[in-house]
Amino acid sequence: MNDLIRIYNTLTKRKEELIPLKEGWVRMYVCGPTVYGLIHIGNARPATVFDAFRRYLEYRGYKVIMVQNFTDIDDKIINKANEMGVDPQKLADTFIAEYFRDAHDLGIRPANFHPKTTDYIKEIIDMVQGLVDKGYAYVTKSGDVYFEVRKFEKYGKLSGKKIDDLVAGARVEPGEEKKDPLDFALWKSAKPGEPSWSSPWGEGRPGWHIECSAMSTALLGGSFDIHAGGEDLIFPHHENEKAQSEALHGECFAKYWMHNGMIRMTGEKMSKSLGNIFLVRNALKVFGRDAIRLFILSKHYRSPIDFSENILMDNKKAAERVWESLEKFESRYEEVPIPKYDSWMNERVEEFKEILDDDFNTPEAVALVFDLVKELNKAMDNSDEEKALKAYQLIKREFGPVLGLFDLSRERKELGKEKELIEILVDIRSKLREEKKFDLADEIRNRLSGVGVILKDSKDGTSWSVKS
RNA sequence: GGCGGCGUGGCCAAGCGGUCAAAGGCGGGGGUCUGCAAAAUCCCUAUUCGUGGGUUCGAAUCCCACCGCCGCCUCCA
C-alpha cells in the first residue's frame, strides 16, 4: 500500500502523490471571499472542505501552514459602501468579523494567517514594480499597470485555455488602455472618491489578482505546495496569479492546485451576483452545524452539489441520530476512558486513511463513520462495553475531529427552568406508570411530544430529549 | 463557438476493469424490544448503473455515437 496522499491537481489534470516541497511541511493558500456581505452556503464549501483537508494533513503527520485571505478592496465593496454611505474599509472589516462568526459556528478552524489585501499594499506595489522592471508589465498614461499576457508563454496552462481561443471573448472596458484585450490590471489608477494608495504610478489601488500573489509570497514564499479555491476561480483569477508570480520569480508558483465544485441552487451556480443564495447563518439556525458539514462532506469535493432544504433536512436527521447514540454512550461515564487500540481499531484507522488518501474521498469516510455508529449501537444493545468504547473513540475522538463532524458540542436550545419542569413531569409520569395508570402517562408523553419533548422509556428509567 | 465535468435505487451519494446480483445517508415495508410508544436492532426495498453500439474471458467502471444537465470563457467559493 502506498502511504502517500494523492490529490487531483488541476494543473496536470490527474491525481498525483502529494510530495511537499519541504519534507514534512505543507504550505497551502486558500482563496477566501470578497467581503461585502454575509457568506452563503457556496462560500462555506471551500472553507469547510479545505479546513477538513488541512486537518487531515495534520492527522497524517504533516505540519501545515495555511493561509486564507480576504479581499477587502474591490469594486463591489466600494459600490456597496457607497450605497450604504459608509467607509469601504469599515464595510469590509465588518464583514470580515461576520465571516469569522459564521465560520466559527460552522466548526471551521481559523487558518494560521488571514491576510487582507489592504495590509499588503507595499508588497503588492513591489511586485508590480518588479514585473514592470522585468518587462512583463506596462504602465499606461493614466497610471494603470497591466500584465502583458503574451509575454508569458505558459499562459493558459492551468485553465487549459489557448490564448487565441480567449481573444474572441476578451473584452476591453471603455477607458482601458490595454495593448491586448487579454492583458489584465495589476494596478488601477484611482477614480475620484475611491480609496487609493500612492504608488510610483500615481494614486491607485491593486487589481484583483495581484493581492493573492503578493500575500502568498509574503507568507509562504514564492513557491509553495497547495493553492486551493472554488473551480470558478481557475480562470481568470488563478491563471493570472500564476502568470504574474512565475513571471516575476521564475519558479513554480504552487505545485498543486485543488478546486472544489460549485453548489447549485435550482440547477444554477449559487452566487451573490445571481441572487440565488442561502446564507450560512440561516442554514445554521434551521439545520445546525453538523447537518451542513455532513451535506458538504457527503459529496466528493470536486463534484457540484445541488442545494435543497430537503437534503439539508435528511442530513440533519442523520446527524441527530449520531448525536443520540454518542450522548447515550457518554451518559454512562463521568469521563469516558480511552480504549487500548487493538487490531479491530487499527484496521478501521487504516481504512480511514486509505479512503482519504485517495483524493480526499470524504463521502466514503463519512460512510465509515456511520458504520461505526451502527457498531456502537449494536454494542450498547449487547452490553458490550469494550466494543462500544472502541467505536465511540473512533467516531468522536479520532475521525470526527478530522472531518469536523460531531466534534464540538451539540447545538441545542438553551433550557433553563424548562428543564426542571420537564423533569418534574417525567417523575410524576414514572409514578403513574408504576401504578399502571397508562392513560395519564401516555397523555403526558403525547402532550410533551406536542411541544417537541420526546420521552424514551427503558429499563433504566425514562430519558428525554428536545427536538430542535 | 472553445475548454472541462456530470447522468448509479423513491431522494441524496460512493464505487471507476473481476472480490459489485453496487457502500453509506434519508424515506418506505416487516420482525425483535416495549404496558403501548420512541430509540436501537435484524431482515427486505437497483439482476441494475442516461440510450445505443464496441473492446474484453469479464464493464457501472475502457472506446465511439447519441440524448439530457452543469461549470468556465465577465465579477464569483
Side-chain angles (χ1 to χ4, degrees), chain A residues 10 13 30-34 36 39-50 68 71 74-76 79 156 159-162 164-171 173 182 208 228-237 239 259-264 267-274 277 294-295 297-300 302-306 308 310-322 324-325 328 355 358 361-374 376-382 433-434 436-439 441-442 445-446 449 454-459 462-465:
Chain A
T10 307
K13 292 172 183 52
V30 182
C31 277
T34 301
Y36 66 105
I39 56 166
H40 60 260
I41 294 287
N43 298 308
R45 170 121 97 150
T48 304
V49 163
F50 295 120
Q68 188 195 47
T71 299
D74 94 319
D75 290 344
K76 289 186 300 277
N79 293 154
S159 54
K161 297 191 185 299
K162 294 188 203 76
D164 294 323
D165 293 339
L166 286 167
V167 177
R171 289 197 317 212
E173 298 293 333
L182 293 177
W208 177 33
E231 68 181 1
D232 54 350
L233 297 181
I234 296 173
F235 190 89
H237 188 230
E239 190 71 66
H259 295 280
N260 64 273
M262 296 294 101
I263 290 188
R264 297 190 300 218
E268 273 184 315
K269 182 171 94 173
M270 182 183 291
S271 115
K272 256 183 281 202
S273 35
L274 289 170
I277 59 171
L294 220 38
F295 166 72
L297 296 172
S298 290
K299 177 113 184 180
H300 186 89
R302 286 192 282 118
S303 310
I305 312 184
D306 281 301
S308 87
N310 285 342
I311 294 162
L312 256 303
M313 204 57 202
D314 290 349
N315 283 109
K316 180 182 179 171
K317 285 177 195 155
E320 264 165 15
R321 220 190 82 207
V322 175
E324 288 292 319
S325 300
K328 184 173 166 192
I355 288 166
D358 185 10
N361 190 339
T362 56
E364 259 194 81
V366 168
L368 176 60
V369 170
F370 276 101
D371 284 338
L372 289 168
V373 171
K374 183 168 252 183
L376 170 64
N377 286 326
K378 220 190 300 187
M380 285 195 286
D381 276 6
N382 298 336
R433 290 180 66 223
E434 274 164 33
K436 307 247 184 276
K437 291 180 179 159
F438 294 120
D439 289 358
D442 288 352
R445 186 175 60 198
N446 290 151
S449 162
I454 309 300
L455 302 191
K456 293 168 204 164
D457 298 324
S458 74
K459 12 201 146 9
T462 300
S463 66
W464 58 274
S465 58

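Since we're looking at a predicted model, the values are computed, not measured. For the numbers below, each heavy atom of this structure counts, side chains included, while hydrogens, waters and symmetry mates do not. In what follows, chains are A, B, ... by sequence order, proteins preceding strands, each numbered from 1.
Here A:K456 lies in heavy-atom contact (under 4.0 Å) with a base. In this structure, A:E324 reaches neither bases nor backbone, as no heavy-atom distance under 4.0 Å exists between it and the strands shown. A:H259 comes within 4.0 angstrom of nothing in the nucleic acid, heavy atoms only. Residue contacts shown for A:M270 include a base, since a base heavy atom lies under 4.0 Å away. A:G32 comes within 4.0 angstrom of the backbone, heavy atoms only, and of no base. Across all strands, A:D306 comes closer than 4.0 Å to no nucleic acid atom at all (heavy-atom distances). Within 4.0 Å (heavy atoms only), A:G42 reaches at least one base atom of the nucleic acid. Within 4.0 Å of A:K378, counting heavy atoms only, lie sugar-phosphate atoms of the nucleic acid but no base atom.
Note on A:R302: every side-chain N or O is 4.0 Å or more away from OP1 and OP2 of B:G71. Contact annotation: A:K317 does not reach the phosphate of B:C26 (side-chain N/O to OP1 or OP2, under 4.0 Å). OP1 or OP2 of B:A77 sits under 4.0 Å from a side-chain N or O of A:N43.
Of all nucleotides listed (B:G15, B:C73, B:U41), B:U41 comes nearest to the side chain of A:K374.
Atom P of B:C72 sits at a distance of 41 Å from the matching atom of B:U56, rounded to the whole Å.
Ion pairing between A:R445 and A:D442 holds under the 4.0 Å rule for side-chain N and carboxylate O.
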